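These notes are about the structure you will find just below.
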Amino acid sequence: MNALEVSDLSFAYGAREALKQVSFNLAAGRFAALLGPNGAGKSTLIALLTRLYDVQRGEVRVGGHSLQTSPLPALRQLGVVFQQSTLDLDLSVEQNLRYHIALHGLSRRQGSVRIDAELARQQLTERRHERVRALNGGHRRRVEIARALLHEPRLLLLDEPSVGLDPASRLALNQHVRQLCHEGISVLWTTHLLDEVQPSDDLLILHQGRLVASARADAVSQAHGGTLGSAFTHLTAAGVHP
Ligand code: ADP
Ligand code: MG
């Protein structure tokens, strides 16, 4: 079963169309790079997938559950790291996670087990009692990822998680998140930076609200001049997709 199925999804802010008939699937354990320049509609898509906005046209299924007709089981399969950090800098790493344990309806005991597991997976066990303010940007993002995985979702959405990080931390975080896929979690990683995409990724290129590529990244490159750069330039050229 696919972790995510998006069919014919369109969305408008009033008269302004932000997404136009977007369709794609994401299989279990796959890393999908959602690539698009500013204003392409990436955050709008994340907002629809997380049900911040109601779907106006089309359908979203998470782990086989329709987001519209079965929102709770659908959202249960989903973890999200939003574009803007939502950590409390003055709370410790563990305290930032603890509150979400209660939100997910887990007991304190279950919560401790889940917190241990996710901090270990993010290699943050030794930092658990430190205030988040003391952590660098990459580690703060990993606290958010740990928090997003507390309820053991099958799909992790990240909206431009590398913005604001230096180049080395950016790529380290990207590599780190890829390891989740080996454990069967599917990842939708949003970015406007080509070097965060690898040849074997599922590549989704969004341009002016339209999905202009949806295939393995190496296949997309091959079809448009051989490199991802040439493909991106070609596919996002003004006027190519009216
Ligand atoms: P991205 O995340 O790829 O930068 P967004 O999804 O934020 O793109 O925006 C897509 C389009 O929708 C842009 O043209 C943007 O100006 C517009 N938009 C985004 N949010 C709103 C909003 N709340 N009201 C009106 N227009 C919006
Ligand atoms: Mg955005």
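Note that the coordinates shown come from a computational prediction; the quantities given were computed from them, not determined experimentally. Note that ligands are numbered from 1 as they come in the structure, with each ligand's atoms numbered from 1 the same way.
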Looking only at the side chains, is there a donor atom on one of [X] and [Y] sitting less than 3.5 Å from an acceptor on the other?
{"X": "H176", "Y": "Q122", "result": "yes"}
{"X": "N174", "Y": "R178", "result": "yes"}
{"X": "S169", "Y": "R141", "result": "no"}

If the plane angle is over 60° it's perpendicular, under 30° parallel, otherwise tilted; pick one for Y53 and Y13.
-> perpendicular
Would you say T190 reaches the Mg ion (ligand 2) with an N/O/S atom under 2.8 Å?
-> no
Does any N, O or S atom in Q83 come within less than 2.8 Å of the Mg ion (ligand 2)?
-> yes
Say whether G39 and ligand 1 are in contact under the criterion: heavy-atom distance to a ligand atom below 4.0 Å.
-> yes
What's the spacing between R154 CZ and N2 CG if we round to 0.5 Å?
-> 11.0 Å
Atoms of ligand 1 less than 4.0 Å from [X] heavy atoms?
{"X": "A18", "value": "12 (O)"}
{"X": "P37", "value": "3 (O)"}
{"X": "A40", "value": "1 (P), 3 (O), 8 (O)"}
{"X": "N38", "value": "4 (O)"}

Taking the minimum heavy-atom distance to atom 3 (O) of ligand 1, which of K42, E160, H192 ranks first?
-> K42
Is it possible for you to say whether V60 and L204 belong to one hydrophobic cluster, with membership spreading through side-chain heavy-atom contacts below 4.5 Å?
-> yes
Taking non-hydrogen atoms only, is A47 closer than 4.0 angstrom to ligand 1 via side chain, backbone, both or neither?
-> neither
Given that the side chain starts at C-beta and the backbone is N, CA, C, O, which of these parts of R16 lies under 4.0 Å from ligand 1, counting heavy atoms, or is it both or neither?
-> side chain
Among L4, V6, L34, find the residue that satisfies the side chain to side chain contact (heavy atoms under 4.5 Å, CB included) test when tested with L26.
-> L4
among protein heavy atoms, the one nearest atom 12 (O) of ligand 1 is Y13 CE1, 3.4 Å
Return the residue, atom name and 0.1 Å-rounded distance of the protein heavy atom closest to atom 8 (O) of ligand 1.
-> G41 N, 3.1 Å
E126 atom CD, neighbour heavy-atom count above 12 within 6.0 Å | no
Does some side-chain heavy atom of P71 sit less than 4.5 Å from a side-chain heavy atom of H65?
-> no
Return a yes/no value for S43: is any of its N or O atoms, backbone included, closer than 3.5 angstrom to an N or O of ligand 1?
-> yes
Can an N or O of T44 be found at a distance shorter than 3.5 Å from an N or O of ligand 1?
-> yes
